[in-house]
Amino acid sequence: MVTGVKGKILIIEDERKISDIVKTYLERDGHDVSVADTGGEGISALKNKPDLVILDLMLPDMSGEDICEAVRDDSDTPILMLTAKSEEEDKVRGLGLGADDYVVKPFSPREVVARVNALLRRTLKKKTLLSFNGGALKIDVDAVEVYVDDRQMELTNTEYRILLVFAERPGNVFSRTQLVNMVQGYDFEGYDRTIDAHIKNLRHKIDPDSRTPRFIKTVYGMGYRFIGQPDED
Ligand code: CA
């Protein structure tokens with residue numbers, strides 16, 4: 001599933017069963033996930049500047065409340081709290097501490113992924129403008145607009161989805177089959193060979209000089225790689 005925003009996520013949770021499954025689901029969704037088993041580890045992992053923290057309210061060494069306060073003192077990093085306390089008062093207290101959202105155990109991992117993506121979309125707004133090669137290629141994910149050398153390009157829906165798959169994961173090589181699977185959620189009716197036709201059209205629009213491609217490179221025998229260099233925020 002392509003959601004437009006992928007993040008670096010820190011899970012602070014002492015129950016391995018829970019952190020493992022949440023990590024698996026988030027990674028499958030394209031996020032970069034690390035796990036801390038204790039509050040202390042969690043606090044020191046904050047220096048890696050996660051985009052979002054998933055925090056268990058009940059930890060052995062520190063209270064989730066204290067960690068929440070520590071995160072808040074330091075940054076605006078959104079916090080999704082995991083809580084086994086379902087009483088209304090505890091929920092309100094959790095949010096009062098600065099947690100941005102919470103889920104009550106037992107929860108479905110899919111629900112956690114959905115909440116994470118919603119929080120990231122809300123808080124990482126600025127990152128919905130993807131820019132490469134000194135602004136030579138810009139993708140405005142909210143407006144669904146693509147600019148090449150400051151000229152707006154009209155892409156078909158499929159071309160846009162393919163470009164977004166690439167641009168969200170610069171450097172990765174995608175096989176034709178992978179690309180078909182990743183854009184299929186958007187009514188893509190095609191097979192491996194038609195993906196080549198879509199990519200050819202997409203390249204023609206964003207990379208007119210096919211001998212020295214700036215953005216999409218053919219990897220012979222494998223598929224395609226996006227070679228655009230992401231610009232700093
Ligand atoms: Ca716990």
Report task. Please determine if Asp37 and Arg16 form a salt bridge, counting it only when a charged side-chain N lies under 4.0 Å from a carboxylate O. Result -> yes
**Report entry** Backbone of Pro213 reached by a side-chain donor or acceptor of Asp207 within 3.5 Å
**Finding:** no
Query raised in the report: In chain order, what residues pass the salt bridge (Lys or Arg N to Asp or Glu O under 4.0 Å) check against Glu41, with sequence neighbours excluded?
Result: none
Requested in this report: Applying side chain to side chain contact (heavy atoms under 4.5 Å, CB included), run through Phe226 and Arg169 and close with a yes or a no.
Outcome: CA-CA 8 Å; Phe226 184 79; Arg169 303 157 184 88; over 6 Å; no
Requested in this report: List in chain and number order the residues that pass side-chain contact (heavy atoms from CB on, under 4.5 Å) with Ser63, two or more places apart in sequence or in another chain; answer none if no residue qualifies.
Outcome: Glu65, Asp66
Query raised in the report: Does His198 use its side chain to pair, donor to acceptor, with the backbone of Glu159 at less than 3.5 Å?
Result: no
**Report entry** Set of side chain to side chain donor-acceptor pair (under 3.5 Å) partners for Asp73, sequence neighbours left out
**Finding:** none
Report task. Rounded to the nearest 0.5 Å, what's the gap from CD1 on Ile67 to CD1 on Ile12? Could you check? Result -> 5.0 Å
Report task. Give me the other members of the hydrophobic cluster that Val219 sits in, counting Ile, Leu, Val, Met, Phe, Trp and Tyr linked by side-chain heavy atoms under 4.5 Å, directly or via other members. Result -> Val173, Met222
Report task. Check the pair Glu13 / Val35 against side chain to side chain contact (heavy atoms under 4.5 Å, CB included), numbers first and verdict last. Result -> CA-CA 7 Å; Glu13 163 67 84; Val35 176; 5.7 Å; no
Requested in this report: Tell me, please, which residues at least two apart from Arg203 pass side chain to side chain donor-acceptor pair (under 3.5 Å).
Outcome: Thr218
Report task. Can you see which heavy atom on Gly228 is nearest to which on Pro170, and at what distance? Result -> O-CB, 4.0 Å
**Report entry** Partners meeting ring pair (Phe, Tyr, Trp, His ring centres under 6.0 Å) with Tyr224 (sequence neighbours left out)
**Finding:** none
Report task. Can you run down the ring-ring contact (aromatic ring centres under 6.0 Å, His included) pairs that involve residues 51-82, sequence neighbours left out, and say none if there aren't any? Result -> none
**Report entry** Minimum-distance pair of heavy atoms, taken over all atoms of Met62 and Gly40
**Finding:** SD-N, 3.9 Å
Report summary line: All heavy atoms of Cys68 vs all of Met81, minimum pair found to be SG-CE, 3.6 Å
Requested in this report: Return each pair, listed once, that meets salt bridge (charged side-chain N to carboxylate O under 4.0 Å, His left out) where at least one residue sits in residues 143-155; pairs must be two or more places apart or across chains.
Outcome: Lys138-Asp150, Asp149-Arg214
Requested in this report: Can you sort out the partners of Glu27 under side chain to side chain donor-acceptor pair (under 3.5 Å), two or more places apart, ordered by chain and number?
Outcome: Lys23
Report task. Please list all pairs passing the ring-ring contact (aromatic ring centres under 6.0 Å, His included) test where one or both residues lie in residues 138-179, with sequence neighbours left out. Result -> Phe166-Phe174
Query raised in the report: Nearest 0.5 Å, what's the OG-CG distance between Ser19 and Leu26?
Result: 11.0 Å
**Report entry** Interatomic spacing from CG in Asn48 to CG in Leu10 - rounded to 0.5 Å
**Finding:** 8.0 Å
Query raised in the report: Are any of the side-chain heavy atoms of Val148 and Lys205 separated by less than 4.5 Å?
Result: no
**Report entry** Side-chain donor or acceptor of Asp100 paired with backbone N/O of Ile79 under 3.5 Å
**Finding:** yes
Requested in this report: With sequence neighbours left out, write down each residue that passes side-chain contact (heavy atoms from CB on, under 4.5 Å) with Lys200, or none if nothing qualifies.
Outcome: none
Requested in this report: Look up atom NZ in Lys217 and atom CD1 in Ile227, then write down how far apart they are to the nearest 0.5 Å.
Outcome: 6.0 Å
Requested in this report: Indicate the atoms forming the closest heavy-atom contact of Asp231 with Gly135, along with that distance.
Outcome: OD2-N, 2.8 Å
Query raised in the report: About how many Å separate CG of Leu155 and CZ of Arg161, when rounded to the nearest 0.5 Å?
Result: 11.0 Å
Query - Any donor-acceptor pair under 3.5 Å from Asn133 side chain to Ala136 backbone - result: no
**Report entry** Distance (rounded to the nearest 0.5 Å) between Asp20 CG and Ile11 CD1
**Finding:** 8.5 Å
Query raised in the report: Should the pair Asp51-Lys6 be classified as a salt bridge under the 4.0 Å nitrogen-to-oxygen rule?
Result: no
Requested in this report: Sequence neighbours left out, what passes side chain to side chain donor-acceptor pair (under 3.5 Å) with Lys49? Give chain and number order.
Outcome: none
**Report entry** Backbone of Ser44 reached by a side-chain donor or acceptor of Lys47 within 3.5 Å
**Finding:** yes
Query raised in the report: Counting N and O atoms only, with roles assigned by atom type, does the side chain of Asp101 sit under 3.5 Å from a partner on the main chain of Arg115, one being a donor and the other an acceptor?
Result: no
